[in-house]
*Asks:* 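Sharing a structure below in structure tokens format, with a few things to ask.
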Amino acid sequence: MGKTVIRPSRVGSTIAMLMTFSTLAACGSGQGAPAGAAPEETTTAGVQGKSLNKADLERAVITETDLDGYEVNPILAGPSASRRTADPAACTPVVQALGGSSGFTATARTGRVIFSKKHGPGASMILSSHSAGDAARVIDAFRTAAERCKTFKDIRADFRYDDADLRPDPGYGDESVSLRLTQLAADSADEDPVRVPFAVVAVRQGTTVAMFYAFNLPAGPRGKEPAVIPEAIVKAQLNKLGKLTDSK
């Protein structure tokens, strides 16, 4: 078999598609509760706590003050449930998590994109506040789909994924799930796809779910390496979230 040659124009097109996907995937597109919905205190399946509202999440989300060496910028994140679907349908929670969302309407969501100032790996992150029951269901749905799905298609974005690999539990928060996979990006069906490494880490802390997701740019220095979510980003976010919830 011949070696795939990635033309400069194709790399640029792939990067544009990836950036568009990353931005759009973070935006909810269903009919959901308003962002300022009243907090709800519930206990379901051992999950306790009060749902944070939009103002709470904005206080809880990390800034550059909390994370030395990184630039932190806001991204759009609506409270509505994601309408992204997969083929096969059982893989839909993974497709939704690739944009930091889920099939559950949130009380509130807020998002950030985090860049390393030293040209290291960064990540995008969506914080979602839920009822206790839904917070647990978001993680359970993602974990179940990640266990079952090795290859699938994001129907709306028209991307295929393969080599999905459920990683050992990283032990973050109250429960967490880590997944690595590869996106197959091509300008047309006639071309061999560019293989883009992706990573997702989902963490539930109380009634809040933090979704971290990242990919390696095909032409970048880590283009062929597995994508990673920097531990410093995850820990900084969970530490700040914990301080807020402990004080409420």
Side-chain angles (χ1 to χ4, degrees), residues 22 25-30 32-33 35 37 39-62 74-84 92-114 123-147 166-167 169-179 199-214 229 231 233-246 248:
S22 183
C27 305
S29 57
E40 174 187 0
E41 188 161 4
T42 52
T43 303
T44 302
V47 182
Q48 299 184 12
K50 180 182 292 185
S51 296
L52 303 182
N53 59 28
K54 181 68 172 179
D56 291 332
L57 284 187
E58 293 299 339
R59 287 194 295 271
V61 73
I62 52 175
I75 53 176
L76 295 174
S80 302
S82 174
R83 288 183 176 173
R84 288 187 174 273
T92 291
V94 175
V95 165
Q96 294 168 340
L98 286 168
S101 191
S102 71
F104 295 86
T105 298
T107 302
R109 282 194 176 96
T110 191
R112 298 293 185 271
V113 58
I114 304 124
S124 296
M125 176 196 67
I126 305 293
L127 287 183
S128 301
S129 176
H130 294 274
S131 68
D134 279 356
R137 292 182 190 106
V138 169
I139 296 295
D140 183 62
F142 177 50
R143 182 189 295 111
T144 299
E147 289 172 345
L166 181 62
R167 309 293 294 169
D169 183 350
Y172 295 130
D174 295 317
E175 55 179 334
S176 55
V177 181
S178 176
L179 179 68
V200 184
V201 172
V203 185
R204 181 184 64 78
Q205 188 154 298
T207 60
T208 302
V209 174
M211 289 275 192
F212 304 86
Y213 55 103
I229 308 296
E231 187 173 53
I233 294 176
V234 179
K235 287 189 172 181
Q237 180 55 74
L238 297 181
N239 286 340
K240 188 168 187 180
L241 177 61
K243 290 177 182 178
L244 176 70
T245 53
D246 288 345
K248 291 183 73 66

*Asks:* Are Glu58 and Lys54 ion-paired here, with the side-chain N under 4.0 Å from a carboxylate O?
*Replies:*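 Yes, this pair counts.
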*Asks:* Closest heavy-atom contact between Gly171 and Ser176?
*Replies:*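 Shortest heavy-atom separation between Gly171 and Ser176 comes out as N-OG, 3.3 Å.
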*Asks:* Indicate yes or no: at least one non-hydrogen side-chain atom of Thr208 is less than 4.5 angstrom from one of Leu57.
*Replies:*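 When only atoms from C-beta onward are counted, Leu57 and Thr208 do touch, with a gap below 4.5 Å.
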*Asks:* Under a 4.5 Å cut-off applied to non-hydrogen side-chain atoms, are Leu52 and Leu241 in contact?
*Replies:*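 SC-SC contact between Leu52 and Leu241 confirmed.
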*Asks:* With a 4.0 Å cut-off on N to O distance, would you call Arg137 and Asp134 a salt bridge?
*Replies:*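 A salt bridge is present here (some side-chain N lies under 4.0 Å from a carboxylate O).
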*Asks:* Hey, which of Leu76, Thr110, Ile75 is the one that makes side chain to side chain contact (heavy atoms under 4.5 Å, CB included) with Ile126?
*Replies:*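 That would be Ile75; it is the only one of Leu76, Thr110, Ile75 passing the side chain to side chain contact (heavy atoms under 4.5 Å, CB included) with Ile126.
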*Asks:* With a 3.5 Å distance limit and no angle check, can you tell me whether Glu175 reaches the backbone of Ala202 through a side-chain donor-acceptor pair?
*Replies:*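 The answer is no, because no donor-acceptor pair under 3.5 Å joins these two groups.
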*Asks:* Is there a side-chain contact between Phe142 and Val200 (heavy atoms, below 4.5 Å)?
*Replies:*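 Yes, close enough: below the 4.5 Å cut-off.
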*Asks:* What's the shortest heavy-atom distance between Gln96 and Arg84, and which atoms?
*Replies:*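 The pair with the smallest heavy-atom distance is NE2-O, 3.1 Å.
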*Asks:* For the atom pair CG (Leu244) and CD (Gln205), what is the distance rounded to the nearest 0.5 Å?
*Replies:*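 If we round to the nearest 0.5 Å, Leu244:CG and Gln205:CD are 10.5 Å apart.
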*Asks:* Nearest heavy-atom pair of Ala141 and Pro93: which atoms, and what distance?
*Replies:*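 In this case the closest contact between Ala141 and Pro93 is O-CB, 3.6 Å.
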*Asks:* Checking the side chain of Asp140 only, and the main-chain atoms of Ala136 only, is there a donor and an acceptor separated by less than 3.5 Å?
*Replies:*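 Between the backbone of Ala136 and the side chain of Asp140 there is no qualifying donor-acceptor contact (under 3.5 Å).
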*Asks:* Without swapping roles, check the side chain of Asp56 against the backbone of Asn53 for a donor-acceptor pair under 3.5 Å.
*Replies:*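 Pair found, side chain donor or acceptor close to backbone of Asn53.
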*Asks:* Between Ala210 and Leu127, which heavy-atom pair has the shortest distance, and what is it?
*Replies:*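 For Ala210 and Leu127, the tightest heavy-atom pair comes out as CB-CD2, 3.5 Å.
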*Asks:* Are the side chain of Ser51 and the backbone of His130 linked by a donor-acceptor contact shorter than 3.5 Å?
*Replies:*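 Pair found, side chain donor or acceptor close to backbone of His130.
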*Asks:* Would you give the length of the straight line joining atom CD of Glu147 to atom CG of Leu179, rounded to the nearest 0.5 angstrom?
*Replies:*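 Rounded to the nearest 0.5 Å, the CD-CG separation comes out at 10.5 Å.
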*Asks:* Supply the atom-to-atom distance Leu238 CG to Ile233 CD1, rounded to the nearest 0.5 angstrom.
*Replies:*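 The CD1 atom of Ile233 is 11.5 Å from CG of Leu238, to the nearest 0.5 Å.
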*Asks:* Is there side-chain contact between Ile114 and Phe212, with heavy atoms separated by less than 4.5 Å?
*Replies:*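 When only atoms from C-beta onward are counted, Phe212 and Ile114 do not touch, as no gap falls below 4.5 Å.
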*Asks:* Tell me if a side-chain donor or acceptor on Thr207 pairs with a main-chain N or O of Ser131 at a distance below 3.5 Å.
*Replies:*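 Side chain of Thr207 to backbone of Ser131: no pair is present.
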*Asks:* Do the non-hydrogen side-chain atoms of Met125 and Ile62 ever get within less than 4.5 Å of each other?
*Replies:*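 Yes, close enough: below the 4.5 Å cut-off.
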*Asks:* Identify the heavy atoms of Ala135 and Gly206 that sit nearest to each other, and give their distance.
*Replies:*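 Scanning both residues completely, I find the closest heavy atoms to be CB-O, 4.1 Å.
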*Asks:* Check whether any side-chain heavy atom of Val138 sits under 4.5 Å from a side-chain heavy atom of Met211, and report yes or no.
*Replies:*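 They are in side-chain contact.
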*Asks:* Closer than 3.5 angstrom, by distance alone: can the side chain of Arg109 be matched with the main-chain N or O of Ser80 as a donor-acceptor pair?
*Replies:*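 Flag set: sc Arg109 to bb Ser80 pair under 3.5 Å.
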*Asks:* So does Ala60 get a backbone contact from the side chain of Lys240, meaning a donor-acceptor N/O pair under 3.5 Å?
*Replies:*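 No; zero donor-acceptor contacts below 3.5 Å.
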*Asks:* What are the two closest non-hydrogen atoms of Ala108 and Pro79, and how far apart are they?
*Replies:*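 The answer is CA-CB, 4.4 Å.
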